[in-house]
Amino acid sequence: MPEYRSDRLYADPLAGVSRFAFDQAVVDVFPDMIKRSVPGYATIINMIGDLAERYVLSGSRCYDLGCSLGAATLAMRHRIRATDVKIVAVDNSPAMIERCQQVLAADPAEPEVELICADIQSLQPTNGSMAVLNFTLQFVPLDQRLVVLEQIYQGLNPGGVLILSEKVVFEDQVHNDLMIELHHNFKRANGYSELEIAQKRSALEQVLLPESLATHRDRLRAAGFSSVDVWFQCFNFASLIAIK
Ligand code: GEK
């Protein structure tokens with residue numbers, strides 16, 4: 001299994017903070033980075049497994065869109081009880097895909113996983129019973145997000161489910177500031193310094209574009225989903241379930 005380092009990417013003062021990218025340096029620290037940065041990440045991954053057991057039907061496909069190192073793929077793979085299922089895992093970062101390939105090769109479980117290095121905007125799912133966008137849509141340009149959700153909706157079978165997890169913003173400014181502060185406290189408690197928090201925040205500006213829960217609910221309904229709501233939230237991180 002690959003070895004991972006702890007995340008110190010923003011620990012030293014940088015002359016200029018460049019735009020955040022999912023490159024080799026991020027891949028090398030990714031499991032530590034996401035666990036220490038996203039409140040509830042482990043719970044969400046576990047629940048993706050629970051939902052896979054419940055929703056994935058025999059003879060269908062599952063999609064992990066923006067799969068990174070395959071955490072959601074593995075959660076689904078280990079919990080699917082249906083037979084003749086294929087998981088399609090997609091990411092547009094070659095460094096992520098290369099490492100994910102190693103992670104999957106070390107995992108002997110069924111079902112089959114097809115790993116694709118591509119932009120999720122160019123992928124048309126088919127015969128899906130479950131799709132996962134676990135903190136991926138937030139990196140897709142705003143004007144492309146509805147098209148991505150429409151493609152997923154088209155590719156799901158009736159009764160199929162989409163899990164959409166996102167960093168979110170709140171319309172009430174006081175509440176929004178409080179959620180940001182509580183998230184920063186979470187990062188401090190996990191060992192990140194003020195400098196690390198500030199430099200990472202600046203790297204993600206213009207790259208990770210969060211929206212409100214109302215915007216996500218409205219867009220999921222506009223894409224066609226009939227049942228849409230939040231099942232998990234911790235501060236400004238939330239996950240929605242949308243059922244076709
Ligand atoms: C997890 N889901 O561990 N097409 C394909 N991949 C993309 C695109 C795109 N347009 N934009 C971003 N990505 C994972 C965590 S991380 C979330 C997801 C985070 C990919 C990008 O390369 C990265 O691997 C992933 O989406 C986002 O459950 O780091 O905050």
Side-chain angles (χ1 to χ4, degrees), residues 2 4 7 9-10 19-52 62-79 87-101 103-104 107 113-125 130-149 151-152 162-168 183 186-187 192 200-201 203-211 232 234-240:
Y4 297 102
D7 174 21
L9 294 184
Y10 296 97
R19 276 170 70 94
F20 187 84
F22 291 98
D23 55 17
Q24 191 61 51
V26 168
V27 167
D28 290 341
V29 300
F30 190 74
D32 181 64
M33 171 185 274
I34 197 150
K35 188 178 69 190
R36 287 163 68 210
S37 304
V38 177
Y41 176 74
T43 302
I44 294 171
I45 291 292
N46 262 329
M47 270 302 295
I48 287 171
D50 261 35
L51 291 162
C62 301
Y63 289 87
D64 183 4
L65 304 168
C67 62
S68 298
L69 303 184
T73 290
L74 290 180
M76 292 191 280
R77 198 185 206 189
H78 293 167
R79 295 289 298 279
I87 302 173
V88 181
V90 184
D91 205 289
N92 66 353
S93 156
M96 282 289 185
I97 289 289
E98 193 188 336
R99 183 64 60 85
C100 188
Q101 184 69 62
V103 172
L104 294 175
D107 176 69
V113 180
E114 183 185 0
L115 197 53
I116 302 177
C117 188
D119 194 306
I120 58 168
Q121 295 171 67
S122 67
L123 184 97
Q124 177 52 65
M130 180 162 175
V132 173
L133 279 168
N134 202 34
F135 302 105
T136 304
L137 196 67
Q138 59 195 13
F139 296 105
V140 172
L142 294 172
D143 61 353
Q144 293 301 310
R145 293 183 184 183
L146 177 59
V147 177
V148 167
L149 295 187
Q151 285 171 190
I152 294 170
L162 166 65
I163 310 305
L164 172 65
S165 311
E166 291 274 293
K167 185 174 190 181
V168 296
H183 176 226
F186 170 86
K187 294 189 76 165
Y192 283 118
K200 173 83 178 287
R201 195 176 189 191
L204 282 170
E205 242 162 65
Q206 314 300 324
V207 177
L208 189 171
L209 301 173
E211 297 172 291
F232 177 88
C234 184
F235 312 139
N236 45 350
F237 291 79
S239 188
L240 298 97

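In each ligand, atom 1 is the first atom listed, and ligand 1 is the first ligand listed.
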Is it true that, when you exclude [X] itself, more than 12 heavy atoms of the residues, nucleotides or ligands shown sit nearer than 6.0 Å to its [atom1]?
X    : atom1 : value
R201 : CZ    : no
Q121 : CD    : yes
Q124 : CD    : yes

Backbone N/O of L123 and side chain of Q151: donor-acceptor pair under 3.5 Å: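 Present.
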Pairwise, report which nitrogen or oxygen atoms of ligand 1 are under 3.5 angstrom from protein nitrogen or oxygen atoms, and how far apart they are.
residue	atom	partner	partner atom	Å
ligand 1	2 (N)	G66	O	2.8
ligand 1	2 (N)	N134	O	2.9
ligand 1	3 (O)	Y41	OH	2.5
ligand 1	4 (N)	I120	N	2.9
ligand 1	6 (N)	N92	N	3.2
ligand 1	6 (N)	N92	OD1	3.3
ligand 1	10 (N)	D119	OD1	3.1
ligand 1	22 (O)	D91	OD1	2.6
ligand 1	24 (O)	S68	OG	2.8
ligand 1	24 (O)	D91	OD1	3.3
ligand 1	24 (O)	D91	OD2	2.7
ligand 1	28 (O)	N134	ND2	2.9

Any idea how F135 and Y41 line up, ring-wise: parallel (<30°), tilted (30 to 60°), or perpendicular (>60°)?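 Correct class here is tilted.
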Side chain to side chain, S68 and N134, heavy atoms closer than 4.5 Å: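 Counting from C-beta outward, S68 and N134 never come under 4.5 Å.
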